[in-house]
Visitor: 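I'd like to ask you about the structure that follows.
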Amino acid sequence: MLSFLKDPTLTTEQVAKELLGCLLVKEDEIGITSGWIVETEAYVGVQDEACHSYNGKRTPRLESMYKKAGTLYVYQMHTHHMVNIVTRTSDEPQAVLIRAIEPYEGVSIFEEHRKRKGIELTNGPGKLTKAMGITMEDNGTESDKYPLYIASQKKRVPNLIQKSKRIGIPNKGHWTDALLRYSVEGNPYVSRRKGKPMNDHGWEAMIH
DNA sequence: CAGAGGATAAGCT
DNA sequence: GCTTATCCTCTGT
């Protein structure tokens, strides 16, 4: 388990930033796929009108959000899956949505799942789950365990973390404008980005 | 049982 | 660039 996921002094916003550069890995019978997290969004619990657990809402679908920090919360929206990492304690159902990754291992498997190439493989929350084969079977599992986990041995460091409004949160008062979306500035896999990506993809040197 | 929601892809302009 | 179909889960009528 990554140490920052079990640190009760960190806010969900801080965890969302810490997750940038972490390696998300899926291991199954098909093979190993992995990618560096380049975009996250913080959903800060019962007071956050954009959060599923807003106002203490609790349904069978949301049960994973009420589990311990580090639990994976996967849900389906329209025909797509979204993957989140639960933060803090069971009393505070908060989570970080993983919105985009930069492919690292298993690119050919990504291409097979997505029927596409390049940045289209993983530049969106529904795209990366399809690329890695993440399904409801991964819901409620822990993020330090097979088959879907965050590697603790490898991490990259963003040169600059860009803050912006969360995607798709209209008519939610100040929550609509809250800067709770974090991305690696200049990384080509960040969703809905414009302009030229940076040559180094926005990373400092890799740490092993 | 209609409607909305943390989205995507295809098709059009 | 914008519009539309997609067809899961939950809520409110």
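Bear in mind that the values here come from a model prediction, so they are computed numbers and not experimental data. Naming: A, B, ... by sequence-line order, numbering from 1 per chain.
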Visitor: Is the NZ or CZ atom of A/Arg116 both under 6.0 Å from the centre of the six-membered ring of A/Phe110 and within 45° of that ring's axis?
Guide: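 Judged by the rule, A/Arg116 and A/Phe110 form no cation-pi pair.
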Visitor: In this structure, how many angstroms lie between the P atom of B/dA7 and the NZ atom of A/Lys127, rounded?
Guide: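 Spelled out: NZ on A/Lys127 to P on B/dA7 is 11 Å.
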Visitor: Report the distance from atom CD of A/Glu120 to atom P of B/dA10, rounded to the nearest whole Å.
Guide: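 Checked: the CD to P distance equals 9 Å.
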Visitor: Can you list everything that forms a side-chain contact (heavy atoms from CB on, under 4.5 Å) with A/Phe4? Sequence neighbours excluded, please.
Guide: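 A/Phe4 satisfies side-chain contact (heavy atoms from CB on, under 4.5 Å) with A/Leu2, A/Leu10, A/Val15, A/Glu18, A/Leu19, A/Cys22 only.
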Visitor: Measure OH/A/Tyr43 against C1'/B/dG6 and give the value in whole Å, please.
Guide: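 That distance rounds to 4 Å.
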Visitor: Using side-chain hydrogen bond (donor to acceptor under 3.5 Å, both in side chains) as the criterion, point out the one residue from A/Gln162, A/Arg193, A/Glu102 that pairs with A/Asn187.
Guide: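 It is A/Glu102, the one option of A/Gln162, A/Arg193, A/Glu102 that forms the side-chain hydrogen bond (donor to acceptor under 3.5 Å, both in side chains) with A/Asn187.
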Visitor: Please work out the stems of DNA chain C from pairs that are Watson-Crick or G-U wobble with both distances under 3.5 Å, keeping only runs of three or more consecutive pairs.
Guide: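 Correct response: B:1-5 with C:8-12, B:7-12 with C:1-6.
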Visitor: Give the cluster check for A/Ile32 versus A/Leu23: same hydrophobic cluster or not, with ILVMFWY residues linked at side-chain heavy-atom distances below 4.5 Å.
Guide: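 Linked within one cluster.
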Visitor: Looking at A/Asp48 and A/Arg166, is there a salt bridge between them, counting it only when a charged N and a carboxylate O are closer than 4.0 Å?
Guide: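 Counted as a salt bridge, because a side-chain N and a carboxylate O are separated by less than 4.0 Å.
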Visitor: Within this structure, what is the CG-to-P distance between A/Leu62 and B/dG5, rounded to whole angstrom?
Guide: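 The distance from CG of A/Leu62 to P of B/dG5 comes to 16 Å, rounded to the nearest Å.
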Visitor: Please figure out whether A/Lys130 or A/Asn171 has its closest DNA chain B nucleotide nearer the 5' end.
Guide: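 The 5'-side residue here is A/Asn171.
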Visitor: Starting at NE2 of A/His113 and ending at P of B/dA9, how long is that distance when rounded to a whole Å?
Guide: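 Rounded to whole Å, this separation is 15 Å.
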Visitor: Which of the following nucleotides, B/dA7, C/dT11, B/dA10, is nearest to the side chain of A/Thr59?
Guide: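 For the A/Thr59 side chain, the nearest candidate turns out to be C/dT11.
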Visitor: Please report, rounded to the nearest Å, how far the P atom of B/dG6 is from the NE2 atom of A/His52.
Guide: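 The distance from NE2 of A/His52 to P of B/dG6 comes to 5 Å, rounded to the nearest Å.
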Visitor: Ignoring the backbone of A/His78, work out which of C/dT6, B/dT8, B/dG6 is nearest its side chain.
Guide: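 That would be C/dT6.
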Visitor: Looking at B/dG5, I'd like to know if its phosphate oxygens (OP1 or OP2) sit under 4.0 Å from a side-chain N or O belonging to A/Arg61.
Guide: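 So the side chain of A/Arg61 is outside the cut-off, no N or O lying under 4.0 Å from OP1 or OP2 of B/dG5.
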Visitor: Can you tell me if A/His80 is stacked onto the base of B/dA7, using a 5.5 Å centroid cut-off and an angle below 30°?
Guide: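 No; centroid distance or tilt outside limits.
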Visitor: Under 3.5 Å, is there a donor on one side chain and an acceptor on the other for A/Asn123 and A/Ser191?
Guide: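 Looking only at side-chain atoms, A/Ser191 and A/Asn123 do not form any donor-acceptor pair under 3.5 Å.
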Visitor: Applying a 4.0 Å non-hydrogen cut-off, can you work out what A/Arg181 is touching in the nucleic acid: base, sugar-phosphate, or nothing?
Guide: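 The residue A/Arg181 makes no contact with any strand.
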Visitor: Just the rounded figure in Å: distance from C1' of B/dG6 to CZ of A/Arg166.
Guide: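 Roughly 8 Å, once rounded to whole Å.
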Visitor: Do you know which two heavy atoms are closest between A/Arg181 and A/Arg99, and how far apart they sit?
Guide: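 Heavy atoms only, the tightest pair is NE-NE, 4.2 Å.
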Visitor: Grab the NZ-P distance between A/Lys172 and B/dA4 for me, whole Å please.
Guide: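 Rounding to the nearest Å, NZ of A/Lys172 and P of B/dA4 are 12 Å apart.
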Visitor: Identify which nucleotide among B/dA10, B/dG6, C/dT9 has an atom closest to any side-chain atom of A/Gln76, counting heavy atoms from C-beta outward.
Guide: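 Nearest listed nucleotide: C/dT9.
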Visitor: Where the side chain of A/Arg99 is concerned, which of B/dA9, B/dG6, C/dC7 is the nearest nucleotide?
Guide: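 That would be B/dG6.
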